[in-house]
Amino acid sequence: MQIRELHLGSGPTLFRTRLLRMEVSVGTIPLMGWVRTAPQLSFSKPANLFFIAAGPMMDIGWLGVLTGLMTIFRGTEFADTVLAPVVVVQMMMAFGSVVPHHVKVFGGRLPNDMLALWKILRRNPDSNAVLRQHYLNRLRPYMSPDDPPWHPSGQSDRVAFYVLKPDLTDEDITALEDELTHTTSASELLLLIDTAATKILANPAPPPSRLDALLDRLTEKAVAMAPELRTLKGTRGAALARLGRHEEALDVLAEADESNDFNRCLNAAFQALAHFHADRKELAAAELETAIAILRSNNWAGTVGWKIVGTVCVETGYPTLTECEPTKPNAENLAPPRWIGRKEA
């Protein structure tokens with residue numbers, strides 16, 4: 001099981017660092033702790049049982065140690081004032097671990113260790129087949145015919161976490177760069193780079209920042225690794241448009257993949273952004289109208305494509321997608337909105 005985060009203690013975070021590819025944090029209160037894992041593409045029942053059983057085993061083992069200390073120091077002030085209350089608390093914790101029930105963690109209702117053990121014992125050995133197939137479908141466009149048959153690995157689990165995660169937070173960026181240096185499969189590296197770049201592009205453009213440099217570096221590396229993949233050229237062109245290199249962006253986007261509506265939509269959006277920065281606002285408006293028309297025809301509201309086109313609308317001063325959305329299905333509401341250039345606004 002691939003551990004992503006290790007938390008020791010509770011309360012406000014006292015110390016945080018990255019160690020052995022994990023986010024390690026220490027709380028101010030030395031009680032409790034937890035780990036977060038990457039999603040598993042394969043399933044090993046013995047490994048999962050051993051991992052989940054560690055919690056109850058630790059509680060019972062620690063209760064045994066404390067009980068032994070009570071026996072050794074019986075009749076002393078140390079046993080009465082220190083060990084006795086600690087033993088009572090540990091008995092409550094051990095009881096809570098071994099009795100199957102649900103607990104509330106971070107606002108969610110989750111099974112405790114014993115209930116999780118029971119569910120694993122009853123689980124189909126191939127219960128992760130759907131997740132594995134979903135990841136493989138995402139991976140296939142980046143695979144070469146010469147690649148050996150794909151089998152999920154621990155690294156695949158870690159890549160899948162970032163691929164399937166809806167958004168990338170600031171805390172994810174350092175971890176993401178770390179994963180990129182450890183990913184050995186070329187196809188998984190390309191999938192991770194392309195997905196990360198798309199998620200960065202889906203957020204409003206900040207002032208020149210670390211994300212800009214990361215976006216430039218990632219997309220340049222991806223195209224160098226697989227220059228024959230036109231979908232990567234689309235991502236590279238989008239990055240160049242975001243970075244203000246508009247003429248170069250238009251040249252690369254001209255070679256981008258247009259085999260499906262999603263790619264056509266994003267190519268049009270970033271061609272609009274490049275034209276806007278080149279002060280060709282009429283061409284920019286036409287490309288944005290094309291992108292919005294594709295979004296509406298496929299009913300893609302709320303998707304990553306919708307977010308990206310909306311971000312381009314904001315950056316260029318075009319009416320936002322919410323403002324563009326028709327309220328009634330008549331010709332007046334379906335007419336293209338008036339172009340608002342940033343300078344005029």
Side-chain angles (χ1 to χ4, degrees), residues 2 4 21 38-42 131-169 172-203 210-243 245 248-249 251-267 269-270 303-305 307-308:
Q2 298 295 304
R4 296 185 297 103
R21 300 174 65 195
Q40 283 186 275
L41 298 175
S42 58
L131 177 64
R132 185 167 59 254
Q133 188 60 48
H134 178 57
Y135 179 75
L136 181 56
N137 291 341
R138 295 285 298 271
L139 184 62
R140 277 200 180 101
Y142 304 92
M143 297 175 73
S144 165
D146 300 327
D147 288 347
W150 178 78
H151 298 287
S153 64
Q155 181 61 50
S156 300
D157 293 349
R158 303 181 76 93
V159 173
F161 168 73
Y162 293 102
V163 170
L164 303 176
K165 197 172 187 286
D167 297 298
L168 291 178
T169 64
D172 289 331
I173 299 304
T174 301
L176 176 64
E177 291 180 295
D178 189 25
E179 294 303 328
L180 289 169
T181 62
H182 287 89
T183 303
T184 55
S185 164
S187 55
E188 289 185 316
L189 181 60
L190 290 173
L191 171 61
L192 183 56
I193 289 175
D194 205 21
T195 304
T198 301
K199 290 176 181 177
I200 293 172
L201 290 166
N203 294 312
R210 180 185 176 189
L211 278 181
D212 289 341
L214 178 63
L215 184 63
D216 188 18
R217 202 162 59 246
L218 290 182
T219 54
E220 184 177 32
K221 179 177 181 177
V223 171
M225 287 179 62
E228 74 284 358
L229 287 182
R230 297 177 65 194
T231 184
L232 296 177
K233 292 184 178 180
T235 310
R236 176 60 177 165
L240 292 170
R242 167 67 66 87
L243 297 169
R245 294 154 63 177
E248 190 179 351
D251 290 341
V252 176
L253 287 169
E255 302 177 13
D257 179 41
E258 297 249 339
S259 62
N260 57 63
D261 281 349
F262 182 76
N263 286 338
R264 281 192 290 272
C265 173
L266 297 193
N267 291 343
F270 285 105
T303 63
V304 66
K307 288 180 64 176
I308 289 176

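Counting begins at 1 with the first residue of the sequence.
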| request: Please report the C-alpha distance between Val223 and Glu228 in whole Å, then the side-chain angles of each, then the deciding distance to 0.1 Å, and finally whether the side chain to side chain contact (heavy atoms under 4.5 Å, CB included) criterion is met. | output: CA-CA 8 Å; Val223 171; Glu228 74 284 358; over 6 Å; no
| field | Exercise: identify the closest heavy-atom pair between Gly305 and Leu266 | value | CA-CD2, 4.1 Å
| Full working for side-chain hydrogen bond (donor to acceptor under 3.5 Å, both in side chains) between Thr198 and Thr195 | CA-CA 5 Å; Thr198 301; Thr195 304; over 6 Å; no
| task | Look up atom CG in Leu243 and atom CD in Glu248, then write down how far apart they are to the nearest 0.5 Å. | result | 9.5 Å
| request: Report yes or no: does Arg138 contribute a side-chain atom to a donor-acceptor pair with the main-chain N or O of Leu164 at less than 3.5 Å? | output: no
| Got a second to check how far Leu176's CG is from Leu168's CG, nearest 0.5 Å? | 6.0 Å
| Any sub-3.5 Å donor-acceptor pair from Arg230's side-chain atoms to Glu255's backbone N or O? | yes
| Going by heavy atoms in the side chains, are Gln40 and Gln2 under 4.5 Å from each other? | no
| Reported CE-to-CG distance for the pair Met143 and Leu191, which is rounded to 0.5 angstrom | 10.5 Å
| query | For Leu253 and Ala238, which heavy atoms make the closest approach, and how far apart are they? | reply | CD2-N, 4.0 Å
| message | Whether the side chain of Lys199 engages the backbone of Val163 through a donor-acceptor N/O pair (distance < 3.5 Å, no angle test) should be reported. | response | yes
| message | Can you tell whether the side chains of Arg217 and Glu177 come within less than 4.0 Å, N to carboxylate O? | response | yes
| Is a donor on one side and an acceptor on the other found under 3.5 Å between the side chain of Lys307 and the backbone of Leu201? | no
| query | What is the minimum heavy-atom distance between Gly237 and Val252, and which atoms define it? | reply | N-CG1, 3.7 Å
| Where do Ala196 and Leu218 come nearest, in terms of heavy atoms and distance? | CB-CD1, 4.2 Å
| Name the one of Thr235, Asn267, Asn263, Thr231 that satisfies side-chain hydrogen bond (donor to acceptor under 3.5 Å, both in side chains) with Asp257? | Asn263
| field | Test side chain to side chain contact (heavy atoms under 4.5 Å, CB included) applied to Glu179 and Val159, step by step | value | CA-CA 7 Å; Glu179 294 303 328; Val159 173; 5.7 Å; no
| If only atom types and distance count, is the side chain of Thr181 paired as donor or acceptor with the main-chain N or O of Asp178 below 3.5 Å? | yes
| request: Taking the side chain as every heavy atom from C-beta outward, state whether Phe161 and Leu192 have any atom pair closer than 4.5 Å. | output: no
| said: Donor-acceptor pair, distance only, cut-off 3.5 Å: does the side chain of Lys221 make one with the backbone of Leu190? | reply: no
| task | Could I get the full list of side-chain contact (heavy atoms from CB on, under 4.5 Å) partners for Ser42, not counting sequence neighbours? | result | Pro152
| query | Which heavy atom of Ala249 sits nearest a heavy atom of Ala241, and at what distance? | reply | CB-N, 3.5 Å
| message | Evaluate Leu189 against Leu180 for side chain to side chain contact (heavy atoms under 4.5 Å, CB included), listing each step before the verdict. | response | CA-CA 7 Å; Leu189 181 60; Leu180 289 169; 3.6 Å; yes
| Do Phe270 and Leu240 come within less than 4.5 Å of each other through their side chains, counting heavy atoms only? | no
| task | For the pair Arg132 (side chain) and Leu41 (backbone), establish whether a donor and an acceptor sit closer than 3.5 Å, ignoring hydrogens and angles. | result | yes
| field | Check ion pair Lys233-Asp251 (N to O, under 4.0 angstrom) | value | no
| Which pair of heavy atoms, one from Asp167 and one from Asp172, lies closest together, and at what distance? | O-OD2, 3.9 Å
| said: The criterion is side chain to side chain donor-acceptor pair (under 3.5 Å); which residues satisfy it with Thr183, sequence neighbours excluded? | reply: Gln155
| query | Going by the ring pair (Phe, Tyr, Trp, His ring centres under 6.0 Å) test, which pairs reach into residues 131-159, not counting sequence neighbours? | reply | Tyr135-Trp150
| query | Do side-chain atoms of Arg158 reach the backbone of Arg21 as a donor and acceptor pair under 3.5 angstrom? | reply | yes
| query | So, does Arg264 use its side chain to make a donor-acceptor pair with the main chain of Glu258 at under 3.5 Å? | reply | yes
| Is the shortest heavy-atom distance from the side chain of Leu131 to the side chain of Pro39 under 4.5 Å? | yes
